[in-house]
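Since the structure comes first, as structure tokens, the remarks are kept for the end.
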Amino acid sequence: MLLQTVENTLQQALNAAIAAGELPAEAAVDSIKVEIPRDTTHGDYATNLAMALAKPARKAPRMVAETLIKHLDPALFEKVEIAGPGFINFRLAAPWLHQQIQTLRAADSDYGKHAPVDNHHYLLEFVSANPTGPLHFGHGRWAVLGDCLARLLRIGGYNVDTEFYVNDSGSQIRNLGESVRACYYQVAAEQGQTLTAEQAAHQQAYADEKANPGEKVRFYHGPYVYDLGQQLYHEQQVAALEHNTDFFSTYAKMAILAQQKQELEEFGVTFKTWFLESSLHTEQAVTQALEHMKALGKTYERDGALWFRSTEYGDNNDKVLIKKDGSTTYFANDIAYHWNKLNRGYDRLINIWGADHHGYIPRMSAAVQALGHPPEALEVLLGQMVNLYRAGEKVRMSKRTGDMVTFAEVFEEVGKDATRYLLMQRSADSPVDFDLELAKTQSSENPVFYVQYAHARICSIFRTAANVTRYDTRPWQSADLSVLQAPEERALMIKLLAYPDEVSYAAAVREPHRLTGYAQELASLFHQFYKQCRVLFERPADQEVPAEEVQLSLARLYLADAVRIVLRNLLTDIFGISAPESM
RNA sequence: GCGUUUGUAGCUCAGUGGAUAGAGCAACUGACUACGAAUCAGUAGGCCGCAGGUUCAAAUCCUGCCAAGCGCACCA
């Protein structure tokens with residue numbers, strides 16, 4: 001909240017200058033931008049305010065800057081200077097800085113958490129894989145993105161729940177059931193059971209397609225399908241021979257769903273709700289939603305179908321809700337689902353979709369608006385695809401053909417912490433080329449270990465401190481921080497205090513990847529500090545450790561602990577990975 | 001054709017209209033007889049896709065073009 005503090009101070013100075021008649025009233029602005037300069041010689045914080053005001057104030061930027069500085073609260077800063085074309089550079093006063101570090105330590109695991117920023121109730125929906133096969137690696141990306149975003153939003157002061165939407169009805173589920181049924185017959189035949197003509201034919205059709213997959217593949221051929229058939233035979237023996245496709249569909253989807261849930265939980269991703277699409281049909285929710293749309297006058301009939309006037313809300317053409325054959329479209333089901341979410345009290349819906357669904361956004365947005373909600377009630381975050389490589393060779397990720405690397409395999413190979421970190425490091429906008437061999441071979445130089453190492457190193461310092469015999473390290477919690485004067489110490493403190501601002505901004509723009517950058521920078525500043533500033537001192541047995549060194553040692557322990565707190569909060573609360581005490 | 005995302009160092013990618021565009025990997029040179037070398041210090045590497053425009057100021061905003069991914073169903 002440092003940025004806010006500096007901005008408020010500037011705003012007060014501006015108001016005072018206007019009140020004193022030194023700047024014209026036209027100079028009043030409502031948003032002041034303060035930033036942390038890249039170049040540390042430009043101060044801890046800087047603003048372009050004077051340059052922005054130059055035109056309305058009809059004065060040279062440097063003149064405006066001088067006027068503003070005259071009215072600044074002097075307690076915060078030890079130096080304020082005008083630089084370049086009219087930047088105002090601030091250097092924070094050391095006592096104030098030290099006081100903020102103490103506030104940080106007092107907050108401990110609450111440091112970085114924000115008070116509620118609005119009164120909305122957010123529902124973040126992500127992954128939402130079809131229960132027709134194991135999760136692939138692309139789902140892993142959405143899982144990490146969504147989970148980290150949910151953590152970030154909560155810490156950033158948003159009231160958010162998470163949900164996994166299960167598309168557990170429709171033709172794909174039927175195809176899955178047909179596939180498992182065929183595999184079950186195959187197992188039964190292998191076990192010496194006699195199949196009926198229909199059963200044998202069905203099993204043959206499946207085997208034929210597997211042997212010669214054409215352009216249009218109907219069945220699922222992944223190894224997990226056969227496994228399910230086998231598993232079912234072991235559980236029920238011949239009993240299932242009597243059952244129809246629905247039985248196999250239900251059996252398969254429940255088994256796959258349970259598997260997905262378990263994988264995600266092991267990966268540290270949990271959902272408040274697993275919402276079944278089939279529950280909408282049993283409750284007639286689709287019908288009700290469509291009746292509601294009709295009553296609102298948002299639909300019309302044409303060519304024997306029911307259409308939604310999505311063009312009223314900017315879509316490029318109207319969309320069909322009920323097909324000529326009387327069945328509802330996927331879109332109609334989705335409207336029912338979103339209506340359901342809104343009716344459950346969520347007035348802000350955030351969906352994470354793969355970039356291949358972006359053409360779907362205008363119609364969904366139109367539907368939410370037609371249901372009486374503002375455009376901002378639906379927010380869709382698009383994630384670009386993940387291309388998976390193994391030793392430079394592209395791995396396909398198609399469920400139908402069974403030629404795929406599953407998420408579980410990658411997770412197993414690369415590990416939870418590294419996989420999560422590598423996936424959340426990149427912005428959702430950029431496609432990821434993920435090479436399995438590279439991820440593994442580079443694992444010891446993986447960026448995640450750099451951050452974790454800084455945390456482990458601090459823990460190690462405190463273990464060592466307990467064994468320092470030449471002076472008492474125990475009173476570090478009441479250390480006098482005024483002895484922290486080195487540039488490395490200062491840079492570290494400034495960075496620590498930027499943490500709440502980083503959280504706030506990353507949450508507002510829905511970009512958790514920004515915090516991996518912050519984590520790298522903080523770890524880097526700590527490693528520099530560690531190299532340059534000794535924390536623990538020793539002397540030969542016949543010499544005393546000077547009092548100044550003891551003081552410095554205690555203050556540095558205090559600072560190191562503050563770094564530990566922020567690193568731990570980042571790693572465990574936002575990244576969802578471990579903060580190891582040793583590695 | 002329309003829409004959308006992307007184009008930044010050899011590679012993978014950060015970059016909130018600001019000051020000399022950054023990091024990691026790869027390459028090269030140095031640093032452990034006191035706190036963890038999974039580290040640090042340094043060298044080298046750039047028409048920020050191209051061209052215009054807006055601005056005191058553009059990698060960032062606008063327009064056009066080039067290239068790549070994705071999407072444009074009474075499929076799900």
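All heavy atoms count here, side chains included; hydrogens, waters and symmetry mates do not. This structure is a prediction, so every number in the text was calculated from the model and none was measured. Note on naming: letters A, B, ... go to the chains in the order of the sequence lines (proteins, then strands), and numbering restarts at 1 for each one.
- Checked against B/rC74, B/rA34, B/rA76, the side chain of A/Tyr330 finds its nearest nucleotide in B/rA76.
- Pair assignment for B/rU60 gives none, since no Watson-Crick or G-U wobble pairing has each distance under 3.5 Å.
- Nearest to the side-chain atoms of A/Lys323 among the listed nucleotides B/rG18, B/rU16, B/rA76 stands B/rA76.
- For a distance-only test at 3.5 Å, the side chain of A/Asn175 fails to qualify as a donor-acceptor partner of the base of B/rA76.
- Distance from the side chain of A/Tyr505 is smallest for B/rU16 among the nucleotides B/rU16, B/rA37, B/rC74.
- Among the nucleotides B/rA38, B/rG18, B/rC56, the one closest to the side chain of A/Met583 is B/rA38.
- The closest side-chain heavy-atom distance from A/Leu280 to A/Phe275 is below 4.5 Å.
- Phosphate contact (OP1/OP2 of B/rA73, side-chain N/O of A/Thr329, threshold under 4.0 Å): absent.
- The base of B/rG18 sits with one of its N or O atoms less than 3.5 Å from a complementary donor or acceptor on the side chain of A/Asn48.
- No side-chain heavy atom of A/Met364 sits under 4.5 Å from any side-chain heavy atom of A/Val380.
- For B/rC47, there is no paired base (Watson-Crick or G-U wobble, both distances below 3.5 Å).
- Taking the ring axis of A/Tyr505 as reference, the NZ or CZ atom of A/Arg514 does not stay both within 45° of it and closer than 6.0 Å to the ring centre.
- For B/rA68, the paired nucleotide is B/rU5, the pair qualifying as Watson-Crick or G-U wobble because both relevant distances are below 3.5 Å.
- With rounding to whole Å, A/Arg38 atom CZ is found 13 Å from B/rA23 atom C1'.
- Salt bridge annotation for A/Arg91-A/Glu81: absent, with no cationic side-chain nitrogen under 4.0 angstrom from a carboxylate oxygen.
- The base of B/rG71 is not paired with the side chain of A/His357 by any donor and acceptor separated by under 3.5 Å.
- Regarding A/Asp429, its CG atom lies at a distance of 13 Å from the C1' atom of B/rC13, rounded to whole Å.
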